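Have a look at the structure below, then the notes.
Counting starts at 1 for both ligands and their atoms, in listed order. The model shown is predicted, which means the values in this text are computed figures rather than measured ones.
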Amino acid sequence: MKPLGVLVSGYGSNLQAILDACAQGVIAGRVACVISSNPKALAGERAQKAGVPYHVLPKLSAEERDDHITAVLKNHDVQGVCLAGYMRLLTAGFVETWWDRLLNIHPSLLPSFKGLHAQRQAIVAGVKVTGCTVHFVRPAMDEGPIVLQATTPVFEDDTEDSLSQRIHALEHRIYVQALRWYCEDRLIIKNERVFLTP
Ligand code: GRF
């Protein structure tokens, strides 16, 4: 069982999907710890309910904070780190430490619509299809080798909320699938492209 660390800041529905998939044996991994930048995150309740060690980050500078996160992750022997709605920018040093072991989920078809409010960006741009992306993390925000994407149409009467709900459901599926492959050591990165071994 590969020990995973999950970084959160909010609602934690992706965390829940990962916890459930680990509990059901869908992922050959276990959530070894959950770290939150927000003491009020509902994700904290989810972690505690699942009996997973839960850490709230103290107020620190970015470098100190990321060193603290790495110390907690190493303390739990973590071998893979999942960003699941973690709302702080990570330092280049942290990304370097966890290179090719750090995954993120983003609610758009990257490289389109990086940053905040990706669903709103998609509606404003008038695209007819959007979706979500699981990728390995690189120092630039929402960049890095893409593991998996899923798509949904954008309907004419979609609001940011209705579109977000559909994307969320897709996120839970592809994050679990990506982690399933990751924990089975099936993801190979070559020239910043991800390949799935048989
Ligand atoms: C998701 O939309 C994810 O793509 C983005 O943050 C949101 C987190 O949602 N990075 P949740 O906290 O997992 O419900």
Side-chain angles (χ1 to χ4, degrees), residues 4-23 26-27 29 31 33-50 52 54-57 66 69 80-90 94-95 98 101-125 127 129-154 158-180 182 194:
L4 302 171
V6 185
L7 271 58
V8 296
S9 300
Y11 187 58
S13 68
N14 281 286
L15 167 67
Q16 191 65 58
I18 295 166
L19 286 168
D20 292 347
C22 288
V26 173
I27 296 175
V31 180
C33 64
V34 174
I35 301 174
S36 174
S37 64
N38 171 11
K40 293 188 185 142
L42 183 63
E45 286 176 32
R46 298 179 190 272
Q48 283 162 328
K49 206 168 163 194
V52 170
Y54 176 61
H55 304 262
V56 177
L57 292 171
D66 285 2
I69 297 173
V81 184
C82 315
L83 305 181
Y86 181 70
M87 296 304 286
R88 299 268 189 189
L89 285 177
L90 293 164
F94 183 88
V95 175
W98 295 97
R101 295 182 297 166
L102 177 59
L103 290 149
N104 183 41
I105 179 107
H106 182 77
S108 76
L109 296 175
L110 291 174
S112 292
F113 311 130
K114 295 173 182 171
L116 292 174
H117 305 297
Q119 302 92 332
R120 192 192 303 167
Q121 292 183 53
I123 291 173
V124 170
V127 296
V129 176
T130 186
C132 48
T133 304
V134 178
H135 65 99
F136 285 99
V137 174
R138 295 297 184 248
M141 188 179 54
D142 298 325
E143 271 186 23
I146 291 171
V147 180
L148 202 52
Q149 295 182 301
T151 61
T152 175
V154 182
D158 257 328
T159 59
E160 189 176 355
D161 219 44
S162 63
L163 183 57
S164 299
Q165 276 185 32
R166 281 205 308 288
I167 292 177
H168 245 130
L170 296 172
E171 289 184 14
H172 304 156
R173 279 173 33 204
I174 66 168
Y175 217 171
V176 164
Q177 181 61 69
L179 285 170
R180 187 176 184 167
Y182 177 80
V194 180

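Checked by atom type and distance alone, the side chain of E45 never pairs as donor or acceptor with a backbone atom of K40 at under 3.5 Å. Side chain of T133 to main chain of L110: a donor-acceptor pair is present (N/O by atom type, distance under 3.5 Å, no hydrogens or angles). Side-chain atoms of H106 do not come within 3.5 Å of backbone N or O of E143 as any donor-acceptor pair. In this structure, the side chain of S36 does not engage the main chain of P39 through any donor-acceptor pair within 3.5 Å. Here the side chain of Y86 pairs no donor or acceptor atom with the backbone of I35 at under 3.5 angstrom.
Listed by first then second residue, pairs satisfying salt bridge (Lys or Arg N to Asp or Glu O under 4.0 Å) with a partner in residues 159-178 read R120-E160, D158-R166, not counting sequence neighbours.
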Table of N or O contacts for ligand 1, cutoff 3.5 Å:
{"unit_1": "ligand 1", "atom_1": "2 (O)", "unit_2": "E171", "atom_2": "OE1", "d": "3.3"}
{"unit_1": "ligand 1", "atom_1": "2 (O)", "unit_2": "E171", "atom_2": "OE2", "d": "2.9"}
{"unit_1": "ligand 1", "atom_1": "4 (O)", "unit_2": "I105", "atom_2": "O", "d": "3.4"}
{"unit_1": "ligand 1", "atom_1": "4 (O)", "unit_2": "E171", "atom_2": "OE1", "d": "3.1"}
{"unit_1": "ligand 1", "atom_1": "4 (O)", "unit_2": "E171", "atom_2": "OE2", "d": "2.9"}
{"unit_1": "ligand 1", "atom_1": "9 (O)", "unit_2": "H168", "atom_2": "NE2", "d": "3.0"}
{"unit_1": "ligand 1", "atom_1": "10 (N)", "unit_2": "I105", "atom_2": "O", "d": "3.0"}
{"unit_1": "ligand 1", "atom_1": "12 (O)", "unit_2": "G12", "atom_2": "N", "d": "2.7"}
{"unit_1": "ligand 1", "atom_1": "13 (O)", "unit_2": "S13", "atom_2": "N", "d": "3.3"}
{"unit_1": "ligand 1", "atom_1": "13 (O)", "unit_2": "N14", "atom_2": "N", "d": "2.9"}
{"unit_1": "ligand 1", "atom_1": "13 (O)", "unit_2": "N14", "atom_2": "ND2", "d": "2.9"}
{"unit_1": "ligand 1", "atom_1": "14 (O)", "unit_2": "S13", "atom_2": "N", "d": "2.9"}
{"unit_1": "ligand 1", "atom_1": "14 (O)", "unit_2": "S13", "atom_2": "OG", "d": "2.5"}
{"unit_1": "ligand 1", "atom_1": "14 (O)", "unit_2": "H168", "atom_2": "NE2", "d": "3.1"}

